[in-house]
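Take a look at the structure below.
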Amino acid sequence: MAGHRAAASMLAVALALGVLAAIPAAVQSIGVAYGVNGNGLPSASEVVQLYQSNRISGMRIYSPDDDILQALSGSNIDLIIDTGNDQLSNLAASVSNAAAWVQTNIQSHQGLNIKYIAVGNEVPDQGGNTQDILPAMQNINNALSNAGLGGIKVSTAVQSGVTTGFPPSHGTFSDSGSHMPPIAQYLASTGAPLLANIYPYFAYKGDTTNIRLDYALFTAPSTVVTDDNGNQYQNLFDALVDTMYSALESAGAGNVGIVVSESGWPSAGDAVATTGNAQTYNQNLINHVGQGTPKRPGAIETYIFAMFNEDKKTGLETERHFGLFNADKSPAYSINF
């Protein structure tokens, strides 16, 4: 999540400068990312029970933790498992390395509804090993196929900074996303979606002069941006997602879908990181994603970041306040799934 601020704000400057009539939103089942960088967090089995009691239908975990995977067995919760960026070079090196990873982290666990494996999360173009993402994806895909697990889709998670362009229909992959077109084309060949971390919060924070807070919070009373293709945008989330769709099209991968693998709003740490704004954003997100975007109507599979406030996270104070729940399992604020 750390790479969002500058990159998302640069893109969103343009997205905010342009002008969807309000459409009643369908409530859509939604997932929540489960981070573990906090003190005193509940046990994995308690967390799974918390998901179930709140009717949260999907979970994303950032590494294949044995305790979490065991607790999820038989839960019927859909799952995104990240490999971890530290595994990319190893997984890219050979199919046998990928097969060992699949054996240890996937095949050894039963009763799981694994939908996606995220090979890398927001791998930076500067100092990151972006060249390893595609071969690692290919090796994991081959290992899954050889294990009879070809129904699990393999992708990578990116942030909005890999795209550029305004209005949304002009989206392309940016210089920092120069590694993305071959990945997009590979996803097109496998039928897997692109996992996209979409944060209007970071975009707003990066350019409060040109981006309205209500546009970022889904509370704008009318159209804010009109695309030159006629699409109208009343919220920044849709504009960011549709810019990513346009980038996929520009890379020759227009049939690739998008799963929003992270989105959220912090409840403390700066002037707009309040419980009120966090509740407004996340509830509106839940209520909105069932209808899709102007470019791609239809429900968008979406995962809120995150399940818990994580007080061991480094960086800005806001990084520790993205949770829907506190460590004692009490709600950080009221949300209806």
No-hydrogen, no-angle side-chain donor-acceptor test under 3.5 Å, [X] and [Y]:
X      : Y      : value
Asn129 : Ser89  : yes
Asp238 : His288 : yes
Thr280 : Asn284 : no
Asp65  : Ser63  : no
Glu262 : Tyr199 : yes
His170 : Asp227 : no
Asn121 : Asn85  : no
Asp125 : Thr130 : no
Ser43  : Glu46  : yes
Asn97  : Ser94  : yes

Linking I/L/V/M/F/W/Y whenever their side-chain heavy atoms sit closer than 4.5 Å, directly or via other members, would [X] and [Y] fall into one cluster?
X      : Y      : result
Val241 : Phe173 : yes
Val259 : Ile77  : no
Tyr34  : Ile80  : no
Tyr51  : Leu72  : yes
Tyr116 : Ile81  : no

Determine whether a donor-acceptor pair (N or O, by modelled atom type, separation under 3.5 Å) exists between the side chain of [X] and the backbone of [Y].
X      : Y      : result
Thr156 : Val119 : yes
Lys313 : His321 : no
Thr302 : Ile300 : yes
Asn142 : Gln138 : yes
Ser145 : Asn141 : no
Gln234 : Ala220 : yes
Asn105 : Trp101 : yes
Gln110 : Gln107 : yes
Ser330 : Asn326 : no

**OP:** Measure from NZ or CZ of Arg296 to the centre of the six-membered ring of Tyr245 and say whether it is under 6.0 Å with the direction within 45° of the ring axis.
**Re:** yes

Original post:
Below 4.0 angstrom, N of the basic side chain to O of the carboxylate: do Lys295 and Glu249 qualify?
Top reply: yes

**OP:** Under the ring-ring contact (aromatic ring centres under 6.0 Å, His included) rule, what do Tyr201 and Tyr281 come out as? Steps first, then yes or no, please.
**Re:** CA-CA 9 Å; Tyr201 166 77; Tyr281 178 82; 9.0 Å; no

With a 4.5 Å cut-off on side-chain heavy atoms, are [Y] and [X] touching?
X      : Y      : result
Thr226 : Tyr233 : no
Asn309 : Phe322 : no
Leu240 : Thr163 : no
Arg55  : Gln52  : no
Ser263 : Ile304 : no
Leu195 : Val158 : no
Val123 : Leu88  : yes

**OP:** Test Asn139 against every option in Val95, Leu144, Val102 by the side-chain contact (heavy atoms from CB on, under 4.5 Å) rule and name the one that passes.
**Re:** Val95

**OP:** Write down the atom of Val154, the atom of Leu187, and the distance for their closest heavy-atom approach.
**Re:** O-CD2, 3.5 Å

Original post:
So does Asp175 have more than 12 non-hydrogen atoms from other groups sitting under 6.0 Å from CG?
Top reply: no

